[in-house]
Amino acid sequence: MTQSSLQVGNIIHVGVPQITDYTGKFITLSPVNPQTDVVELYECSHGSEMKEQLWTYMSYGPFKNKYNMQKWLEDCAESDDPIFFAVHHLKSKQRVGMVSFLNIVSDMRRLELGHIWYSPDYQRSNVNTEAIYLMLCEAFDRLKYRRVEWKCDSLNERSRAAALRLGFKFEGIFRQHMIIKGRNRNTAWYSMLDSEWTVVKKNNV
């Protein structure tokens with residue numbers, strides 16, 4: 001058994017999320033490729049006030065131009081925590097956003113889903129529901145993790161509503177948790193446990 005695996009009973013729990021494609025009915029999550037992803041990711045998230053509002057609660061963005069976004073994507077591609085994915089919408093054949101696994105603590109079998117954003121055209125659609133479902137399947141079904149976390153700015157009502165809709169439980173507010181773009185950020189914490197996943201998964205199949 002390798003250092004990245006853990007045996008509990010007869011089940012071996014292996015390492016961290018795979019850097020591979022995760023494909024569902026509506027989307028595919030693919031490891032970030034800065035050269036091929038930048039044009040569509042930039043265009044779906046820049047160029048209008050509505051599009052650029054999606055960066056309000058992020059610690060980065062909007063970007064000055066495609067070049068600056070590509071440099072950021074290059075850093076994303078090299079990172080092993082967070083592990084970033086571009087969200088490909090199968091019907092439109094367009095890249096429509098990004099997600100990531102982060103704060104991965106394999107020995108404690110927990111991780112977080114974050115850095116989640118989508119083009120306004122695909123918000124409040126089946127895109128986010130399926131993206132999170134695919135990631136939860138990886139965390140709970142393959143890796144046998146115990147806990148998955150969701151954190152967001154306490155002012156981000158859309159993200160907070162999404163967490164509850166997807167089956168996460170509210171745990172509380174970390175006051176003045178971060179300084180983001182020059183202001184204090186209170187962070188809302190949510191989680192899902194392996195014991196809760198069975199019901200959540202059944203409701204999403």
Side-chain angles (χ1 to χ4, degrees), residues 19 21-79 81-103 112-136 149-166 168 177-188 190:
I19 303 175
D21 288 349
Y22 298 88
T23 299
K25 296 178 182 178
F26 308 107
I27 63 164
T28 294
L29 308 179
S30 297
V32 167
N33 184 321
Q35 288 70 39
T36 59
D37 292 345
V38 64
V39 172
E40 290 179 2
L41 289 179
Y42 184 83
E43 289 179 353
C44 79
S45 61
H46 292 77
S48 72
E49 182 178 353
M50 180 179 293
K51 289 180 179 180
E52 294 182 7
Q53 282 179 350
L54 66 84
W55 302 105
T56 300
Y57 299 109
M58 298 292 192
S59 60
Y60 43 82
F63 298 93
K64 185 176 180 180
N65 50 45
K66 289 186 182 73
Y67 173 79
N68 285 351
M69 190 174 194
Q70 181 168 334
K71 296 298 290 183
W72 172 71
L73 289 172
E74 288 170 359
D75 291 338
C76 292
E78 294 176 1
S79 171
D81 189 348
I83 303 172
F84 288 92
F85 297 83
V87 181
H88 298 247
H89 188 249
L90 298 178
K91 185 175 181 179
S92 67
K93 299 182 180 179
Q94 295 290 311
R95 295 162 180 84
V96 299
M98 291 178 65
V99 297
S100 79
F101 296 102
L102 69 154
N103 293 326
E112 179 182 346
L113 310 184
H115 299 283
I116 299 167
W117 63 265
Y118 306 101
S119 162
D121 293 338
Y122 294 89
Q123 294 174 4
R124 298 182 178 178
S125 71
N126 52 26
V127 168
N128 187 49
T129 301
E130 187 165 69
I132 300 307
Y133 174 79
L134 292 171
M135 298 172 81
L136 290 173
E149 298 170 346
W150 177 294
K151 306 185 186 97
C152 62
D153 192 308
S154 64
L155 297 177
N156 190 345
E157 294 295 341
R158 181 171 292 179
S159 182
R160 297 185 66 172
L164 294 174
R165 178 177 60 80
L166 292 163
F168 289 81
H177 180 222
M178 299 180 180
I179 300 173
I180 300 296
K181 296 178 178 175
R183 67 171 181 84
N184 283 319
R185 168 179 139 163
N186 297 332
T187 299
Y190 298 81

Tell me, do [X] and [Y] make a side-chain contact under 4.5 Å, heavy atoms counted?
X      : Y      : answer
Met135 : Ile116 : no
Leu136 : Leu166 : no
Val99  : Tyr118 : yes
Ile83  : Ile19  : yes

Exercise. Going through the distances and angles, do Ser100 and His115 end up as a side chain to side chain donor-acceptor pair (under 3.5 Å)?
Worked result: CA-CA 6 Å; Ser100 79; His115 299 283; 4.5 Å; no

If you take all heavy atoms of [X] and [Y], which pair is closest and at what distance?
X     : Y      : result
Gly47 : Glu52  : N-OE2, 3.3 Å
Pro31 : Phe85  : N-CD2, 3.6 Å
Gly24 : Leu90  : O-CD1, 3.6 Å
Val32 : Ala86  : CG2-N, 3.9 Å
Gly97 : Cys44  : N-SG, 4.4 Å
Thr23 : Leu134 : O-CD2, 3.9 Å

For this session: Give a yes or no on whether the backbone of Leu113 and the side-chain of Glu149 come within a donor-acceptor separation of less than 3.5 Å.
Result: no

From [X] [atom1] over to [Y] [atom2], what is the distance, rounded to the nearest 0.5 angstrom?
X      : Y      : atom1 : atom2 : answer
Gln123 : Arg158 : CD    : CZ    : 4.5 Å
Thr129 : Arg165 : OG1   : CZ    : 4.0 Å
Glu112 : Asn103 : CD    : CG    : 4.5 Å
Ser59  : Met178 : OG    : CE    : 8.0 Å
Ser119 : Met50  : OG    : CE    : 10.0 Å
Ile27  : Tyr22  : CD1   : OH    : 12.5 Å

Identify, with sequence neighbours excluded, every residue that meets side chain to side chain contact (heavy atoms under 4.5 Å, CB included) alongside [X].
X      : answer
Phe26  : Asn126, Glu130
Cys152 : Trp150, Ser159, Arg160, Ala188, Tyr190
Lys181 : Trp55
Asn68  : Phe63, Lys64, Asn65

Problem set entry | Within 6.0 Å of OH in Tyr60, more than 12 heavy atoms from elsewhere |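 Result for OH/Tyr60: enclosed.
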
For this session: Quick one: which residue pairs count as a side chain to side chain donor-acceptor pair (under 3.5 Å) with a foot in residues 30-45, not counting sequence neighbours?
Result: Asp21-Ser30, Asn33-Thr36, Asp37-Arg95, Glu40-Arg95

For this session: Apply the test side chain to side chain contact (heavy atoms under 4.5 Å, CB included) to residues Asp121 and Gln94: give CA-CA distance (whole Å), side-chain angles for both, the deciding distance (0.1 Å), then the verdict.
Result: CA-CA 11 Å; Asp121 293 338; Gln94 295 290 311; over 6 Å; no

Problem set entry | Those residues that, when tested against Tyr122, pass ring-ring contact (aromatic ring centres under 6.0 Å, His included) (two or more places apart) |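 Here the qualifying residues are His89.
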
For this session: Quick one: do Asp153 and Thr187 satisfy side chain to side chain contact (heavy atoms under 4.5 Å, CB included)? Show the steps, please.
Result: CA-CA 5 Å; Asp153 192 308; Thr187 299; over 6 Å; no

